Amino acid sequence: MLRRVLLSFFMVILMDRGTSQQYSSDMCNWKGSGLTHEGHTKDVEQVYLRCSEGSVEWLYPTGAMIINLRPNTLTSAYKHLTVCIKPFKDSKGANIYSEKTGELKLVVPDGENNPHKVYCFGLDQRGLYIEATPQQDISRKITGFQYELISQRTLSDLHTVSDPCRPCSDTEVLLAVCISDFVVKGTIGTVTNDEELQESLIGVTVDKLYRQKSKIFLPKENGGWEGTIRTPRECGVKAGSGSFLFTGRMHFGEPRLGCTPRYSDFTRIYLEAKKQGLNPCEISTD
């Protein structure tokens with residue numbers, strides 16, 4: 001019995017070594033080939049990723065694989081994360097399922113070509129199960145997607161992803177100022193509706209730049225900054241007068257609009273909270 005256990009142990013080690021030679025991966029991204037499954041189409045590849053964002057690319061998909069997604073710091077908070085995936089433009093050759101306690105739920109069926117659609121579900125569903133569909137010719141099939149892990153406990157994240165058109169509460173506004181990827185004071189210059197994406201592109205003229213993690217807003221020749229933010233068209237954003245405090249998050253490399261109160265309303269909310277010692281962070285309101 002002991003001999004059998006030891007033999008199985010060493011077989012696992014050898015299999016893992018073979019996999020590491022045939023698949024390139026890091027803690028955030030994975031890229032591999034289904035050709036290594038030829039003759040072993042019933043094998044299920046296990047992939048472990050430990051990042052808040054990254055990508056998966058499966059060339060010539062055959063058999064199946066399980067993508068285990070976890071944050072780089074594993075605490076009890078991981079149960080309160082939402083996973084969002086965005087398939088590559090030409091992704092095909094496999095069905096993508098969410099998996100929870102052995103039950104599978106179809107998330108992205110093979111052949112659904114909507115490169116702008118994002119699919120989200122709770123991380124308590126453990127991970128993704130990707131199963132190749134029967135193909136006579138796999139030579140041109142690639143299944144791939146980007147992924148992001150988003151905190152369900154972060155009100156700004158939840159607002160941006162799950163209910164972007166809902167007005168923010170005072171608490172959400174105050175938190176958004178502290179944790180958003182960008183915070184600016186400005187006006188809406190233009191609104192362009194993209195019929196294909198069903199999104200509105202908001203041209204913002206910025207008077208004051210508090211913070212931005214990416215180069216969303218660029219300097220203008222005559223002073224100030226300008227940039228474009230995206231939001232669902234159904235939110236009904238229109239160009240008009242008045243200053244706003246724009247906040248939001250980067251989502252798959254694009255700036256998404258979050259809480260955006262009128263600047264006068266934000267000033268009132270912030271000063272009232274500061275007077276009571278309830279402001280979560282400091283920001284200039286001059």
Side-chain angles (χ1 to χ4, degrees), residues 53 82-89 108 112-121 145-148 150-152 154-220 222 224-267 269:
E53 59 183 57
T82 291
V83 180
C84 291
I85 65 172
K86 183 178 182 180
F88 293 161
K89 181 179 180 180
V108 187
E112 182 167 297
N113 295 319
N114 188 343
H116 308 291
K117 190 170 182 179
V118 174
Y119 306 82
C120 299
F121 54 91
F145 57 86
Q146 296 172 275
Y147 72 86
E148 288 185 353
I150 301 173
S151 173
Q152 295 177 0
T154 303
L155 295 177
S156 176
D157 282 340
L158 275 179
H159 177 271
T160 302
V161 175
S162 64
D163 197 2
C165 300
R166 175 180 57 82
C168 291
S169 66
D170 291 357
T171 300
E172 287 173 323
V173 169
L174 292 171
L175 285 176
V177 170
C178 303
I179 63 176
S180 293
D181 291 337
F182 61 88
V183 180
V184 300
K185 174 189 176 184
T187 57
I188 300 175
T190 61
V191 177
T192 305
N193 293 319
D194 189 315
E195 298 293 341
E196 180 183 359
L197 302 183
Q198 286 297 296
E199 289 188 338
S200 294
L201 281 66
I202 308 168
V204 177
T205 300
V206 177
D207 303 321
K208 188 166 187 177
L209 180 65
Y210 291 101
R211 179 173 65 255
Q212 65 172 340
K213 289 186 177 180
S214 301
K215 293 183 179 180
I216 306 166
F217 305 100
L218 301 176
K220 297 168 57 179
N222 57 349
W225 298 264
E226 60 184 359
T228 302
I229 309 172
R230 293 177 176 270
T231 197
R233 184 182 176 186
E234 64 189 77
C235 294
V237 176
K238 297 180 180 180
S241 59
S243 294
F244 295 84
L245 187 77
F246 297 90
T247 72
R249 309 284 283 188
M250 296 299 294
H251 195 43
F252 292 112
E254 297 177 342
R256 311 294 305 189
L257 187 65
C259 297
T260 307
R262 288 192 175 273
Y263 190 75
S264 57
D265 292 334
F266 161 71
T267 301
I269 294 169

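Everything numeric here is computed off the predicted structure, so don't read it as measured data. Along the sequence shown, residues carry numbers from 1.
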Measuring from [X]:[atom1] to [Y]:[atom2], what's the distance to the nearest 0.5 Å?
X    : Y    : atom1 : atom2 : value
T247 : L174 : OG1   : CG    : 11.0 Å
C165 : R233 : SG    : CZ    : 12.5 Å
L201 : T228 : CG    : OG1   : 6.0 Å
K185 : Y263 : NZ    : OH    : 5.0 Å
L245 : K208 : CG    : NZ    : 10.5 Å
R249 : E148 : CZ    : CD    : 9.5 Å

Among I216, I188, T187, the one residue meeting side-chain contact (heavy atoms from CB on, under 4.5 Å) with F246 =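 Passing option: I188.
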Going by the ring-ring contact (aromatic ring centres under 6.0 Å, His included) test, which pairs reach into residues 181-200, not counting sequence neighbours?
->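 Every ring-ring contact (aromatic ring centres under 6.0 Å, His included) pair that includes a residue of residues 181-200, provided the two are not neighbours, is F182-F217.
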Can you see which heavy atom on [X] is nearest to which on [Y], and at what distance?
X    : Y    : value
V237 : V191 : O-CG1, 3.4 Å
I229 : V204 : CD1-CG2, 3.8 Å
F252 : C84  : CZ-O, 3.4 Å
C120 : T82  : CB-CG2, 3.8 Å
S180 : V183 : CB-CG2, 4.0 Å

Tell me, please, which residues at least two apart from S200 pass side chain to side chain donor-acceptor pair (under 3.5 Å).
->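 Side chain to side chain donor-acceptor pair (under 3.5 Å) check on S200 returns N193.
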Cationic N near anionic O, under 4.0 Å, R256 to E199 =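 The answer is yes: the pair qualifies as a salt bridge.
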Considering only NZ, NE, NH1 and NH2 on the basic side and carboxylate oxygens on the acidic side, decide whether E172 and R166 come within less than 4.0 Å.
->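 Judged by the 4.0 Å cut-off on N to carboxylate O distance, E172 and R166 do form a salt bridge.
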Heavy-atom check, side chain of H251 versus side chain of V118, under 4.5 Å =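 Yes, their side chains come closer than 4.5 Å.
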